[in-house]
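Reviewing the structure listed below.
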Amino acid sequence: METEIPALLRLRENIRPERFTFHSARMRMKTVNKDELAAMDGQSDRCALELSDAAVDVLGYACLVATMSMGLGYHRVSERRLHGRTVENGQPAPVVTSAGALVDALKVLDAKKIVVIAPYMRPLTELVVNYIANEGHTVIDYVALEIPDNLDVARHDCSRLPDIARSLKYSDADAVIVSACVQMPSLPVVPMVEAITGKPTLSAAVATTYAMLKQLGLERVAPGGGALLSGAY
């Protein structure tokens, strides 16, 4: 979130007049497991309050799996609650979750059938697959990279992703999720995976950027962001 979304918006500044500032508050989490994810989500109210002190125009809540692990459809609950914290602080701002942004982006792309790459352990990856399915999409193939340490997720070499994407049964898919996690880098290879598969390719970070631009009332376009940020949607 703190690297790829600013990178996309900086690229956008080369082709559009709007300029952006970025502000972060952090929730603690070291090992990507259900207990730590739940504890992390419990810190999100504090973060929303802190960021609203800066009178930001939109908040993006990262950690797709933290949101999805809290129950089906939880992104709607989270977005409403965190928006409420900004209202209580006198600085109301819309809240976008990476989980909600991803499932909404699939609707924008009219992607009924998808393939997914996720860094999580298999049980958490299956949770993500079920969450996406509950939102009306069919995951026809997926891979769990089974990386338990959150820092190792961030260190994952994104140059491996194109070959991983090649291994998926994507021929009948409507879209490829090259990273179902804002922590696992993928931005440099989004156009490459799109070229390899011939399918719209997105990530949690790309989807969150799209959702934030939409909340800001701006054209949803950014170079390097694949089909979703091409300006066609």
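Minimum interatomic distance between Val193 and Pro162 (heavy atoms only, all atoms of both residues): CG2-CA, 4.0 Å. Between Val153 and Cys181, the shortest heavy-atom contact is CG1-SG, 4.0 Å. For Val182 against Ala62, the heavy-atom pair with the smallest separation is CG2-CB, 3.5 Å. Scanning both residues, Thr97 and Ser78, for their nearest heavy atoms gives CG2-OG, 3.9 Å. Contact record, Ala175 with Leu202: CB-CD2, 4.3 Å, taken as the closest heavy-atom pair. In terms of heavy-atom proximity, Ser98 sits nearest to Leu64 at OG-N, 3.2 Å.
Taking CD from Gln183 and NE2 from His156, the interatomic distance works out to 12.5 Å, rounded to the nearest 0.5 Å. The structure places OG of Ser44 at 4.5 Å from CG of Leu82, a figure rounded to the nearest 0.5 Å. For the atom pair CG (Asn89) and CG (Leu49), the distance works out to 4.5 Å, reported to the nearest 0.5 Å. In this structure, the separation between CG on Leu127 and CE on Met70 is 11.0 Å, given to the nearest 0.5 Å. Here Leu9 contributes atom CG and Met212 contributes atom CE; the two are 7.5 Å apart, rounded to the nearest 0.5 Å. Taking CG of Leu8 as the reference point, atom OG1 of Thr209 lies at 4.5 Å (rounded to 0.5 Å).
Other residues, nucleotides and ligands place more than 12 heavy atoms under 6.0 Å from the CZ atom of Arg10.
With respect to Thr197, the side-chain contact (heavy atoms from CB on, under 4.5 Å) criterion is satisfied by exactly one of Val176, Leu168, Val178, Val115: Val176. Tested against Tyr61, the residues Met27, Met1, Glu79, His75 include a single side-chain contact (heavy atoms from CB on, under 4.5 Å) partner, Met27. The side-chain hydrogen bond (donor to acceptor under 3.5 Å, both in side chains) with Glu219 is formed by just one residue from the set Lys214, Arg16, Arg12; it is Arg16.
Under a hydrophobic clustering in which Ile, Leu, Val, Met, Phe, Trp and Tyr are joined whenever their side-chain heavy atoms come within less than 4.5 Å, directly or via other members, Tyr170 and Val143 fall into the same cluster. Following chains of ILVMFWY side-chain contacts shorter than 4.5 Å, one cannot reach Leu218 starting from Ile15, and the two form parts of different hydrophobic clusters. Linking ILVMFWY residues whenever their side-chain heavy atoms come closer than 4.5 Å, directly or via other members, leaves Val77 and Val87 in distinct clusters. Connection of Tyr131 to Met121 is not established within any shared hydrophobic cluster, with ILVMFWY side chains joined at heavy-atom distances below 4.5 Å, either directly or through further cluster members.
Under the 3.5 Å distance criterion, with hydrogens and angles disregarded, no donor-acceptor pair is assigned to the side chains of Asp104 and Tyr210.
Side-chain contact between Glu4 and Pro188 is present, with at least one heavy-atom pair separated by less than 4.5 Å. Between Met184 and Tyr120 there is no side-chain heavy-atom pair separated by less than 4.5 Å. Two residues are said to be in side-chain contact when any heavy atoms from C-beta on lie closer than 4.5 Å; Ile196 and Arg166 meet this criterion. The side-chain heavy atoms of Lys112 and Asp110, taken from C-beta on, include a pair separated by under 4.5 Å. Using a 4.5 Å cut-off on side-chain heavy atoms (C-beta onward), Val96 and Leu59 make no contact. The closest side-chain heavy-atom distance from Met68 to Tyr74 is not below 4.5 Å. Here the side chains of Ile114 and Leu106 are in contact, with some heavy-atom distance below 4.5 Å. Here the side chains of Tyr142 and Thr125 are in contact, with some heavy-atom distance below 4.5 Å.
Checking side-chain atoms of Gln215 against main-chain N and O of Val95 turns up no donor-acceptor pair under 3.5 Å. Put simply, the side chain of Asp141 gets close to the backbone of Lys169: a donor and an acceptor are under 3.5 Å apart.
Ion pair Asp157/Arg160 not flagged as a salt bridge, since none of the NZ, NE, NH1 or NH2 atoms sits closer than 4.0 Å to an Asp/Glu carboxylate oxygen. Remark: Arg85 engages Asp45 in a salt bridge, criterion side-chain N to carboxylate O under 4.0 Å. With salt bridges taken as basic N to acidic carboxylate O contacts below 4.0 Å, one links Arg76 and Glu135. Using a 4.0 Å cut-off between a side-chain N of Lys or Arg and a carboxylate O of Asp or Glu, Glu36 and Arg28 do not qualify as a salt bridge.
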Stepwise, does the side chain to side chain donor-acceptor pair (under 3.5 Å) test hold for Ser24 with Glu2?
CA-CA 8 Å; Ser24 296; Glu2 291 174 328; 3.1 Å; yes
For side chain to side chain donor-acceptor pair (under 3.5 Å), just list the numbers for Arg220 and Ser230, CA-CA rounded to whole Å, side-chain angles, deciding distance to a tenth of an Å, and then say yes or no.
CA-CA 8 Å; Arg220 278 83 76 187; Ser230 67; over 6 Å; no
